[in-house]
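All values derive from a computational prediction rather than experimental measurement. Every number for a ligand or one of its atoms is a count from 1 in the order of the listing.
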Amino acid sequence: MSAFPEIPTIQYEGPQSDNPLAFRWYNPEEVIEGKTMKDHFRFSIVYWHTFRGTGSDPFGPGTAVRPWDDGTESVENAQNRARAAFELFEKLQAPYYAFHDRDVAPEGNSLKESNAHFDAVADVLAEEQQRSGVKLLWGTANMFSNPRFMHGAATTCNADVFAFAAAQVKKALEVTHRLGGENYVFWGGREGYQNLYNTDMKRELDHLAKFFHMAVDYAKEIGFTGQFLIEPKPKEPTKHQYDSDAAACLNFLRAYDLTDHFKLNLETNHATLAGHTMMHELDYAGAQGALGSIDANTGDLLLGWDTDQFATDYYLTTQMMYYILKHGGLGSGGVNFDAKVRRESFEPIDLFYAHVGSMDAYAKGLKIAAAMRADNALENYINDRYSSWDSGIGAKIEAGEVNFADLETYMLEKGDADENQSGRQELIESVVNRYIDRV
Ligand SMILES: [Mn+2]
């Protein structure tokens with residue numbers, strides 16, 4: 001039985017198409033910089049927003065109409081939902097999906113029962129993957145919804161809760177491994193604090209590191225070779241999340257000897273909550289060899305919380321694809337739509353309009369970014385701006401050949417520094433516009 005009987009498989013029709021159920025820019029087989037669009041993006045659909053999101057908010061209940069879902073927490077309903085999910089993945093031509101353990105299968109009355117539910121749904125996920133060819137980009141464990149995690153999971157003050165979380169991640173790793181997952185993600189959930197007065201921050205960070213080392217050890221034990229990813233987020237639900245941004249995560253990983261085992265899963269709306277642009281986070285992580293994957297969404301300029309909206313802004317997608325290309329792509333990661341339709345967009349067809357529109361926005365962003373790179377549109381300005389480092393005293397400093405005394409001697413002889421040159425910000429912004437106009 002089809003969950004989306006009115007929806008065809010979405011096809012590429014080109015930029016002139018007016019069909020909202022066709023791609024105008026995302027052409028999976030089109031080659032950009034020597035790689036197909038399909039391989040650049042490795043688009044992934046999330047289970048949580050797309051199949052468990054109801055549209056509820058703090059002011060009212062869910063609004064979403066989901067005819068394939070009977071609204072119960074039965075295993076059978078979860079299995080039927082999985083079949084509906086794969087129909088959507090296929091019709092969107094998405095090669096990947098991602099889930100939390102508790103999105104795909106209902107939590108039971110004990111850990112044992114929860115694990116059994118998870119296995120029963122994983123059987124259907126395995127069947128559907130086999131049938132459709134859609135693959136698992138990553139798995140993760142939900143360690144924030146159940147009230148037991150009110151103080152956190154790996155950073156809880158309650159040692160038993162840490163043990164429960166460890167058991168839950170052990171199982172999630174096993175299922176991710178069984179389903180051929182290419183990555184495993186840790187998003188901090190409630191790993192942070194509401195008030196430092198009642199918090200032993202050092203002890204909590206030590207516990208978090210211990211937890212990650214145990215996960216690395218267990219992956220090795222079961223032969224899971226997927227990439228571990230941490231997803232930075234500065235706040236919400238806690239006022240301070242320990243994985244607050246790319247720089248904080250990398251410092252944590254380095255301090256606890258975990259850099260060899262982890263990369264970052266960067267999310268647009270988390271970057272902006274941290275007071276950064278997404279391109280900043282991508283460039284920072286990329287510069288340190290830690291760009292793993294992205295959760296593709298956007299916030300709202302006028303709202304200060306994590307709205308997880310579908311991105312359609314060409315400036316944003318151009319910037320993202322530019323820095324992803326600059327750092328050599330996403331490796332085993334992908335462009336994962338951690339985005340939800342608005343509460344008012346309650347019909348099943350809105351799930352398609354949302355994904356198609358955003359996939360197109362990323363595809364156009366990729367084409368604009370590649371056109372800029374082909375002309376070295378930004379690189380020419382950057383190279384010129386830093387040219388004082390290519391020879392003379394700049395080259396000596398970079399090579400480590402001079403010390404403070406040498407530089408004092410140099411400047412005493414010279415008298416003053418060479419004149420500065422314009423940064424040309426306004427010019428470069430209009431250069432970017434030129435490429436957006438042309439593609
Ligand atoms: Mn988010």
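Residue contacts to the Mn ion (ligand 1): Asp295 brings no N, O or S atom closer than 2.8 Å.
Remark: Ile349 engages Ile7, Leu21, Glu347, Tyr353 in a side chain to side chain contact (heavy atoms under 4.5 Å, CB included) (not counting sequence neighbours).
Using bins of under 30°, 30° to 60° and over 60° for the plane-to-plane angle, the ring pair Phe310/His355 lands in the perpendicular bin.
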Contacts under 3.5 angstrom, residues 430-439 side chains, donor-acceptor by atom type, not counting sequence neighbours:
unit_1	atom_1	unit_2	atom_2	d
Ser430	OG	Leu427	O	2.7
Asn433	OD1	Tyr315	OH	2.4
Tyr435	OH	Asp375	OD2	2.6

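For His270, the N, O or S atom with the smallest separation from the Mn ion (ligand 1) is NE2. Considering just the N/O/S atoms of Glu267, the one nearest the Mn ion (ligand 1) carries the name OE2. Checked against the Mn ion (ligand 1), the N, O or S atom of Asp308 at the shortest distance is OD1. Of all N/O/S atoms in Asp306, OD2 sits nearest the Mn ion (ligand 1).
A salt bridge does not link Glu379 to Lys326: none of the charged side-chain nitrogens sits closer than 4.0 Å to a carboxylate oxygen.
Checked options Arg102, Lys112, Lys171; the residue passing with Glu107 is Arg102 (criterion: salt bridge (charged side-chain N to carboxylate O under 4.0 Å, His left out)).
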